[in-house]
Amino acid sequence: MREGISGSYHGTGNAVAPRGTAERDGGMSGIRKVVFPVAGLGTRMLPATKVLPKEMLPVVDRPIVEYAVQEAAAAGCEVFVFVTGRGKSLIEDHFDRAFELFETLARKGKTRELEALEAALPDPGSIVYTRQQAPLGLGHAVWCARNIVGDEPFGVILVDDLVHARTPCLAQLAAVHAETGGANVVAVEEVPSEHTSRYGILDPAEDDGRRVRVRAFVEKPKPEEAPSRLAVIGRYILSPRIFSILEDLPPGAGGEIQLTDAMTRLLEHEPFYGVRFEGRRFDCGDRVGYLEANLALAMERPDIAARLHAFLRHYV
Ligand code: G1P
């Protein structure tokens, strides 16, 4: 049987998560399923995203969404749940076998290219797609995955947030989930106070420098109303109880069903930790963040770095 991305992930030498001891450690964490909410329109990247799903924009030479799937696979996830929307079918095509291309590469003896494409294919049946039928918010998108996730803790990855780390970010969260006996976990990062209105912000309790016990979350507060500068980054491990909370949740900030509002309610029943993760996060939904991700990852590619470096020195 073919060994695809979730069967045995070896990367192709240019994966976002450099191979390390933690690769595939998440298998022990018990997080089998991961949800990717990808229905968003990508208005911050227009006109590039007028036709092309923002998740299909390339960082160096692979679509952003592939980094996210690789991260989840490296954390031990086996079921990849995409909550998509209209106009996102290229994502499905990307994770499918492109028959004409594969046959042509095989016929021409382009074994290396073919193997790289094969390695990035998820195992048959490991990807599930469902559609969010209306843009009602991130909380609603996650709720759309309820019947596929069922009654087990699961991961959520916001594809726009590309995290470049030695240990994949979701695996770092899974480690804290295991250490804390199954607590809910979210990745956090300190942001400048003038940026709090772009993020979910933590109201922190105890803080040991790595793990922050959470008291509450506030979605996109103004700087003067923010309880801290610790922002939620797009990586979560959540208990399935979140689905019943989302079921009756009224709209919050921006008139949308907010995941952070449901997370605050979840805190009444279960503990929640923020994790200051090791690694660097790039907001690929933003023009500058997207360009930074391209440069940072390209400079780590032996086949690209030298030429790019010479060009940048000349240009800058
Ligand atoms: C979403 C979440 C927010 C989080 C952010 C991280 O916001 O609602 O809590 O901090 O992702 O990227 P969005 O970027 O979809 O507005």
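In the displayed structure, I148 atom CD1 is contacted under 6.0 Å by more than 12 heavy atoms of other residues, nucleotides or ligands. Counted within 6.0 Å of CD on E92, heavy atoms from surrounding residues, nucleotides or ligands total more than 12; the atom is thus considered enclosed. The environment of H314 atom NE2 is sparse: at most 12 non-hydrogen atoms of other residues, nucleotides or ligands sit within 6.0 angstrom. Counting heavy-atom neighbours within 6.0 Å of D151 CG, excluding the residue itself, gives a total of 12 or less. The number of heavy atoms from other shown groups lying within 6.0 Å of NE2 (H309) does not exceed 12.
Taking hydrophobic clusters as Ile, Leu, Val, Met, Phe, Trp and Tyr residues chained together by side-chain heavy-atom distances below 4.5 Å, I257 shares a cluster with L266. Hydrophobic clustering of Ile, Leu, Val, Met, Phe, Trp and Tyr side chains at less than 4.5 Å, counting indirect connections, keeps V214 apart from Y273. Hydrophobic clustering of Ile, Leu, Val, Met, Phe, Trp and Tyr side chains at less than 4.5 Å, counting indirect connections, keeps Y67 apart from V81. No continuous path of ILVMFWY side-chain contacts below 4.5 Å connects I245 to I237, so the two sit in separate hydrophobic clusters. There is a path of hydrophobic side-chain contacts, each under 4.5 Å, that joins L246 to V232.
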field: Residues I233, Y199; criterion side-chain contact (heavy atoms from CB on, under 4.5 Å); working and verdict
entry: CA-CA 8 Å; I233 297 309; Y199 297 96; 4.3 Å; yes
field: Evaluation steps, side chain to side chain donor-acceptor pair (under 3.5 Å), between H140 and Q132
entry: CA-CA 8 Å; H140 179 260; Q132 184 185 23; 2.9 Å; yes
- request: Dump the intermediate steps for side-chain contact (heavy atoms from CB on, under 4.5 Å) on E225 and V218, then the final yes or no.
  value: CA-CA 9 Å; E225 283 156 18; V218 187; over 6 Å; no
- request: Determine, stepwise, if the pair Q172 / R235 fulfils side chain to side chain donor-acceptor pair (under 3.5 Å).
  value: CA-CA 10 Å; Q172 296 182 46; R235 300 290 183 280; over 6 Å; no
task: Begin from the C-alpha positions of F80 and F95 and carry the test ring-ring contact (aromatic ring centres under 6.0 Å, His included) through to its verdict.
output: CA-CA 11 Å; F80 308 90; F95 290 111; 8.2 Å; no
- request: Report the C-alpha separation of S239 and E270 in whole Å, then their side-chain angles, then the decisive distance to 0.1 Å, and conclude whether the side chain to side chain donor-acceptor pair (under 3.5 Å) test is met.
  value: CA-CA 9 Å; S239 127; E270 298 177 15; 3.0 Å; yes
message: Using side-chain contact (heavy atoms from CB on, under 4.5 Å), reason through L158 and L138 one step at a time and then give a plain yes or no.
response: CA-CA 10 Å; L158 305 188; L138 178 60; 3.7 Å; yes
- prompt: For F217 and L267, what are the C-alpha separation, side-chain angles and deciding distance, and is it a side-chain contact (heavy atoms from CB on, under 4.5 Å)?
  reply: CA-CA 9 Å; F217 296 93; L267 265 161; 4.0 Å; yes
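A distance-only check finds a donor-acceptor pair linking the side chain of T111 to the backbone of G109 [under 3.5 Å]. With hydrogens and angles ignored, the 3.5 Å screen pairs a side-chain donor or acceptor of K33 with a backbone N or O of V149. At least one donor-acceptor pair closer than 3.5 Å links the side chain of E71 to the backbone N or O of L170. A donor-acceptor contact shorter than 3.5 Å is absent between the side chain of T130 and the backbone of V83. Of the possible donor and acceptor atoms, one in the side chain of R146 sits under 3.5 Å from a partner among the backbone N and O of W143. In this structure, T84 contributes its side chain and R131 its backbone to no donor-acceptor pair below 3.5 Å. T196 places a side-chain N or O within 3.5 Å of a backbone atom of P221 that can act as its donor or acceptor partner. At distances below 3.5 Å, not a single donor-acceptor pair connects side-chain atoms of D203 with backbone N or O atoms of A216.
Within the 4.5 Å cutoff, the side chain of M263 has heavy atoms near those of the L238 side chain. With a 4.5 Å cut-off on side-chain heavy atoms, D286 and M45 do not count as touching. Between R213 and P204, the closest side-chain pair of non-hydrogen atoms is not below 4.5 Å. Side-chain contact between E78 and S126: absent, with no pair of heavy atoms (C-beta onward) separated by less than 4.5 Å. The closest side-chain heavy-atom distance from T167 to E278 is below 4.5 Å. Side-chain contact between I242 and F154 is present, with heavy atoms from C-beta onward closer than 4.5 Å. Proximity of I157 to V69: side-chain heavy atoms (C-beta onward) are nowhere separated by under 4.5 Å. Looking only at side-chain heavy atoms (C-beta outward), R276 and E189 stay at 4.5 Å or farther from each other.
Atom CZ of R107 and atom CG of L114 lie 12.0 Å apart (nearest 0.5 Å). Atom SG of C284 sits about 8.0 Å away from atom CG of D161, to the nearest 0.5 Å. To the nearest 0.5 Å, atom CZ of residue R229 and atom OG of residue S193 are 6.5 Å apart. Rounding to the nearest 0.5 angstrom, the gap separating the CG atom in L173 from the CZ atom in F277 is 9.0 Å. Here CZ of R287 is found 9.5 Å from CG of L291. Values are rounded to the nearest 0.5 Å.
Taking F99 as the reference, nothing meets the ring pair (Phe, Tyr, Trp, His ring centres under 6.0 Å) condition, with sequence neighbours excluded. In this structure Y236 satisfies the side-chain hydrogen bond (donor to acceptor under 3.5 Å, both in side chains) test with no other residue, sequence neighbours excluded. Every residue meeting the ring pair (Phe, Tyr, Trp, His ring centres under 6.0 Å) condition with F36, not counting sequence neighbours, appears here in chain and number order: F82. For Y290, there are no ring pair (Phe, Tyr, Trp, His ring centres under 6.0 Å) partners at least two apart in sequence or on another chain. Looking at residues two or more places apart in sequence or on another chain, you find no side-chain hydrogen bond (donor to acceptor under 3.5 Å, both in side chains) involving R280.
Between D283 and R198 there is no salt bridge, since no side-chain N of the basic residue sits under 4.0 Å from a carboxylate O of the acidic one. Salt-bridge formation is not detected for the pair R210/D208: no Lys NZ or Arg NE/NH1/NH2 atom is positioned less than 4.0 Å from an Asp or Glu carboxylate oxygen.
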Show which side-chain atoms of residues 50-60 pair as donor or acceptor with protein atoms under 3.5 Å away, not counting sequence neighbours.
{"from": "K54", "atom 1": "NZ", "to": "D160", "atom 2": "OD2", "distance (Å)": "2.9"}
{"from": "E55", "atom 1": "OE1", "to": "K88", "atom 2": "NZ", "distance (Å)": "2.8"}
{"from": "E55", "atom 1": "OE2", "to": "K88", "atom 2": "NZ", "distance (Å)": "3.4"}

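Across all their heavy atoms, A72 and V34 have their closest contact at CB-CG1, 3.7 Å. Annotation for E247 and S244: closest pair CB-O, 3.3 Å, computed over non-hydrogen atoms. Nearest heavy-atom pair across T49 and G42 is OG1-O, 2.7 Å. Here the closest heavy-atom approach between residue C169 and residue A187 is recorded as SG-CB, 4.1 Å. Pairing each heavy atom of I201 with each of A226, the nearest pair is CG2-CB, 4.4 Å. Between P168 and A74, the closest heavy-atom pair is CG-CB, 3.7 Å.
With F102 as the aromatic partner, R97 does not meet the cation-pi criteria of under 6.0 angstrom to the ring centre and within 45 degrees of the ring axis.
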